[in-house]
Amino acid sequence: MSFIFAYFYDNLMSKTEEACLKEWRQKLLKNVSGDVLEIGAGTGANIEFYPKNIKLVLAEPDKNMRQQIESKISNSKLKTTIVSDGTAENIEAKDDSFDFVVSTLVCCSVTKPERSLLEIKRVLKPGGSLVFLEHVGAKQGSKRRRWQNIINPFWKKLAGNCHLNRDTEASILSAGFKINDIKRESMRKTIPIIRPTIRGMAVKP
Ligand SMILES: C[S@@+](CC[C@H](N)C(=O)[O-])C[C@H]1O[C@@H](n2cnc3c(N)ncnc32)[C@H](O)[C@@H]1O
């Protein structure tokens, strides 16, 4: 991701954050506990919503995004936080290490979504949960999906490999998770092609 995109990311997202994302992040993250890994942590938009007693690892491969995480950590009440440069496809952790893995607006951008979800499942403890908030492809056959498919080749080049039309819910299920809770809602104050979202919890059986 370019320095410019990373630098302006929080500003670009600010209206959407205020309109819905902050509320969704807060509700999803208030009950995480124990050992927690966040993949693709970006500029650290979730940091303010984590309970303070967790042991948190924030993984973000892009150095320009990662730089902005540090100042948010120093202003937070979090007690134990490690920042790493790992990718979702190759998580540097032993099997069964984490109680929760958090992925917010990341499955759209990873190079290999199926491999990433299998890696997440590998590092979760049995009974551990993937907490997800992702923008996804619109309903198959819909006008919006057709536009997503047309724009996607250009969009992913401009927006750090972000894909408009991924079926992330199906990928979560085919990686072997059991989805316990899912909400499908339109992201507000943003352009129509990235509005469809899913959010919830998926358990490693
Ligand atoms: C749209 S941003 C979302 C940032 C943050 N999670 C949030 O909720 O605001 C997507 C992030 O995924 C990261 N990313 C891209 N490819 C990745 C990969 N293969 N593994 C992990 N993170 C990746 C990007 O560097 C970027 O920080």
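Read the numbers this way: they start at 1 and go in the same order the structure lists the ligands and their atoms.
The closest side-chain donor-acceptor pair between S84 and E92, if any, does not fall under 3.5 angstrom. If you check the side chains of E114 and S171, you find a donor sitting under 3.5 Å from an acceptor.
Numbered from 1 in the order shown, with element, the atoms of ligand 1 that lie under 4.0 Å from a heavy atom of E89 read 18 (C), 19 (N), 20 (N). Those atoms of ligand 1 with a heavy atom of D62 less than 4.0 angstrom away are 25 (O). Here is the list of ligand 1 atoms found below 4.0 Å of a heavy atom in T104: 3 (C), 5 (C), 6 (N), 7 (C), 8 (O). In the vicinity of M65, heavy-atom distances shorter than 4.0 Å reach the ligand 1 atoms 27 (O).
Listed for the Q148 side chain is a donor-acceptor partner under 3.5 Å among the backbone atoms of L164. At least one donor-acceptor pair closer than 3.5 Å links the side chain of T16 to the backbone N or O of K189.
Using a non-hydrogen distance threshold of 4.0 Å, M13 does not register as a contact of ligand 1. The shortest separation from a heavy atom of P61 to ligand 1 is under 4.0 Å, placing the residue in contact. Assignment of N161 to the shell around ligand 1 is not supported, since no heavy atom sits closer than 4.0 Å.
The list of side chain to side chain donor-acceptor pair (under 3.5 Å) pairs with a residue in residues 32-44, not counting sequence neighbours, reads D10-T43, E38-N46, E38-Y50, T43-K72.
At a heavy-atom distance under 4.0 Å, only side-chain atoms of E60, from C-beta outward, approach ligand 1. The proximity of V110 to ligand 1, defined as any non-hydrogen pair under 4.0 Å, involves the side chain as well as the backbone.
Distances between N or O atoms of I39 and those of ligand 1 include no value under 3.5 Å.
In this structure, H163 and N161 approach most closely via the heavy-atom pair ND1-O, 2.8 Å. For R122 against I91, the heavy-atom pair with the smallest separation is NH2-O, 3.0 Å.
Residues that satisfy the side chain to side chain donor-acceptor pair (under 3.5 Å) test with E169, not counting sequence neighbours, are R184.
Among T87, V106, L21, L105, the residue whose heavy atom sits closest to atom 10 (C) of ligand 1 is L105.
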